[in-house]
Participant: 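The structure follows.
The chains referred to below are lettered A, B, ... by the order of the sequence lines, with proteins before strands, and numbering in each begins at 1.
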Amino acid sequence: MGKEIGVTVKKSEDFSEWYTQTVIKSELADYAPVKGLIVLRPDGYSIWESLKSSLDKKFAATGHRNGFLPTLIPESLLTKEKDHFAGFNPEVFWVTKSGDGELGDRLALRPTSETLAYTLFAKWIRSWRDLPLKINFWNTALRAEIKATKPFLRTSEFLWQEGHTVHVNSEEAEKEVTDILELYKKTVEEELAIPVITGKKSEKEKFVGAVYTFTMEALMPDGKALQMGTSHFLGQNFSKPFELKYADKDNVESYAWQTSWGVSWRLIGGMIMIHGDDRGLVLPPRVAPIQVIIIPIYYSDEDKEKIGKISKEIEEKLKDAEIRVQVDNREQLTPGFKFNEWEMKGIPLRIEIGPKDLEKNQVTFARRHNRQKDDQEITGLVERVVSELDKIHNDMFSDAKKILQERTSEVDTYDEFKTELEKGRLIKAPICNNPECEEGIKEETSADVRVITSDAEDTSSKCIKCSDQSSMRPLFARGY
RNA sequence: GGGAACGUCGUCUAGUUUGGCUAUGAUGCUAGUCUGGGGGGCUAGAGGUCGGAGGUUCGAAUCCUCCCGUUCCCA
């Protein structure tokens, strides 16, 4: 009876289907009429806004300012840095017409903004006094996805932010790259309760055009790793073709040093996969559009009035404490229906208020992440809600962290590697410097080097592929 | 990159094999009523031209062609 309102498959049995149903049924997003595009509904957009505001505060505190760039980039600009363009070329959408007329120079819908931004930066920067330049853009990027798309994880247009900075020297730029990575890690852990592993990308997996790329990776329940954010050291790879030069204190012209970095709504996809369960979404409290849902329960008109009043009072008090709270006053629905609906939508804390509770001057708390219920005195309720939400966040984070640790393996042979990979593990394994070994492993197992952690150096082991002396012990996994 | 499945009221769906009456049922929606501590009951009502375009035919949701979109599985 009406069970199909909820998610109809188990997370552990059909992960892909579970994910799609959870996204659509919880009303975070819906499909757009064009292939590969999704629409963010208010609950989904609200989560994005929370992330945005948290990041904006941190960006501002570290001296970054926001700007806005147009969506269209002329072909001549996009192709200026050859490797960079080659990396994006197959995914670029082109605009070739305006009305009935053909355009002379066709225009790309930006797959990323480096070339456009750096053309402008070159105009704006004259002297060392103009540096550092630290700008961030909240926008969308468009990349034609040929492969099967998935809401939030792979779509042809996605929301993201891209930061671009310009510095006088390499040291300052490289510090920016690691500072941003740390800022991202903090945001993901503190807002989304997702534990990540940070480090470098391999030469093979780095951003096209970058000198090197830092990444943070999270492990999903199906054993695949999800890249949650990247921070690139661009060196002078772009400043040279874009003539991004400045006069230093001795009035000598030098090419500037650059970084770029970004996170996208993929973070929301990661959050859904990591925390969700068979009943649907489980939202981390700090980004939940509604943190507390109050369900009034009553039998008689008299109770209805009393309970309505107290629900309203509690709502007001929680609002004063800046908690995102809502009373579910819908009269046509039974409490049981509401419980299930809000659980599917992942609301972290539910407060039930009924006649039995009122008699004892208490309410019932029901937590989404572990489904525990207990009674709470009405006196001092606001403080307890605040601490409960923090506790829920901490529980969710430590649970996720425990799982990540349990699912990280260390191996020394290719056989063990393959066995662990089939178990859906993140695997630490020694590899040599020869790029063919990394390539070969990817071809044979479809696992790649996800991240080279700062402690990954290892010259005393044997490469799992060729048995030569190893150079490092990075983390491998299959990726999204 | 390869393979498979699918598209019919808001949602899930019957009907397609073998073309033929007013396109089936449930759920949701609206109104009323009784209810209400884990997806309520009853009564009445509204809601679809069958993903789109073309074609075959006296007649197409059903057959053919193309297009659009979605899902799942394997590199």
Participant: For B:C42 and B:U35, measure between their P atoms and round to the nearest Å.
Facilitator: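 Their P atoms lie roughly 15 Å apart.
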Participant: For B:G32, give the paired nucleotide (Watson-Crick: N1-N3 plus N6-O4 or O6-N4; G-U: N1-O2 and O6-N3; both under 3.5 Å), or none.
Facilitator: B:C42
Participant: Considering residues at least two apart in sequence or located in another chain, which fulfil the side-chain hydrogen bond (donor to acceptor under 3.5 Å, both in side chains) criterion with A:Asp357?
Facilitator: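 For A:Asp357, the residues satisfying side-chain hydrogen bond (donor to acceptor under 3.5 Å, both in side chains) (neighbours in sequence not counted) are A:Thr364.
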Participant: Classify A:Ile295 by what it touches in the nucleic acid, base, sugar-phosphate, or nothing, heavy-atom distance under 4.0 Å.
Facilitator: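 A:Ile295: no heavy atom of the nucleic acid under 4.0 Å.
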Participant: Could you identify the nucleotide paired to B:A53, looking across every strand shown and requiring Watson-Crick or G-U wobble geometry with both distances under 3.5 Å?
Facilitator: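 Per the H-bond distance test, B:U65.
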Participant: List the residues meeting ring-ring contact (aromatic ring centres under 6.0 Å, His included) with A:Trp265, not counting sequence neighbours, and say none if there are none.
Facilitator: A:Phe152
Participant: So what's B:G48 paired with, Watson-Crick or G-U wobble, going by both distances under 3.5 Å?
Facilitator: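 Matched B:G48 with nothing under the 3.5 Å cut-off.
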Participant: Considering only B:G36, B:G38, B:G37, which nucleotide approaches the side chain of A:Arg279 most closely?
Facilitator: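 Output: B:G38.
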Participant: Would you tabulate the nitrogen or oxygen pairs shorter than 3.5 Å linking the protein to nucleotides 66-72 of chain B?
Facilitator:
residue : atom : partner  : partner atom : Å
B:G69   : OP1  : A:Lys35  : N            : 3.1
B:U70   : OP1  : A:Gly36  : N            : 3.0
B:U70   : O3'  : A:Tyr31  : OH           : 3.3
B:U71   : OP1  : A:Tyr31  : OH           : 2.1
B:C72   : OP1  : A:Ser16  : O            : 2.9
B:C72   : OP1  : A:Thr20  : OG1          : 3.0
B:C72   : OP1  : A:Lys150 : NZ           : 3.0

Participant: Would you please name every residue forming a side chain to side chain contact (heavy atoms under 4.5 Å, CB included) with A:Asp468, sequence neighbours left out?
Facilitator: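 With neighbours one apart ignored, the set is A:Cys466.
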Participant: Which whole number of Å gives the distance between the C1' atom of B:G15 and that of B:C21?
Facilitator: 14 Å
Participant: Give me the distance, rounded to whole Å, that separates B:A26 from B:C68 when you measure between the C1' atoms they each carry.
Facilitator: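 Their C1' atoms lie roughly 29 Å apart.
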Participant: In terms of ring plane angle, is the pair A:Phe15 and A:Trp18 parallel, tilted or perpendicular, where the classes change at 30° and 60°?
Facilitator: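 The arrangement is parallel - the two ring planes meet at less than 30°.
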Participant: Determine whether any donor atom in the side chain of A:Glu341 lies under 3.5 Å from an acceptor atom in the base of B:G39, or the reverse, and answer yes or no.
Facilitator: no
Participant: In whole angstrom, give me the gap between the C1' atoms of B:U62 and B:G51.
Facilitator: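 Going atom to atom, C1' in each nucleotide, I get 16 Å.
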Participant: Could you walk me through whether A:Trp261 and A:His232 pass the side-chain contact (heavy atoms from CB on, under 4.5 Å) test, one step at a time?
Facilitator: CA-CA 6 Å; A:Trp261 27 271; A:His232 315 292; 5.6 Å; no
Participant: Does anything in residues 378-404 of chain A pair up under side-chain hydrogen bond (donor to acceptor under 3.5 Å, both in side chains), and if so which pairs, sequence neighbours excluded?
Facilitator: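 Residue pairs passing side-chain hydrogen bond (donor to acceptor under 3.5 Å, both in side chains), neighbours aside: A:Arg286-A:Asp390, A:Arg286-A:His393, A:Arg367-A:Glu388, A:His369-A:Asp395, A:Gln376-A:Arg384, A:Lys391-A:Asp395.
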Participant: If you assign A:Ser446 and A:Thr364 each to the RNA chain B nucleotide with the nearest heavy atom, which residue ends up on the more 5' nucleotide?
Facilitator: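 With A:Ser446 and A:Thr364 compared, the 5'-side residue is A:Thr364.
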Participant: Looking at A:Lys304 and B:G36, is any side-chain donor or acceptor paired with a base atom of the opposite kind under 3.5 Å?
Facilitator: no
Participant: Toward the 5' end of RNA chain B, which comes first, A:Ile297 or A:Glu444, by nearest nucleotide?
Facilitator: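 Closer to the 5' end of RNA chain B: A:Ile297.
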Participant: Provide the Watson-Crick or G-U wobble partner of B:U11, both distances under 3.5 Å; none if there is no partner.
Facilitator: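 WC or wobble partner is B:A26.
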Participant: Any residue in residues 330-338 of chain A with a heavy atom nearer than 4.0 angstrom to RNA chain B? Just list them by number, or reply none.
Facilitator: A:Glu331, A:Leu333, A:Thr334, A:Pro335, A:Gly336, A:Phe337
Participant: Can you tell me the pairing partner of B:G37 across any strand shown, Watson-Crick or G-U wobble, with both distances under 3.5 angstrom?
Facilitator: none
Participant: Given the C1' atoms of B:G47 and B:G10, what is the spacing between them in whole Å?
Facilitator: 9 Å
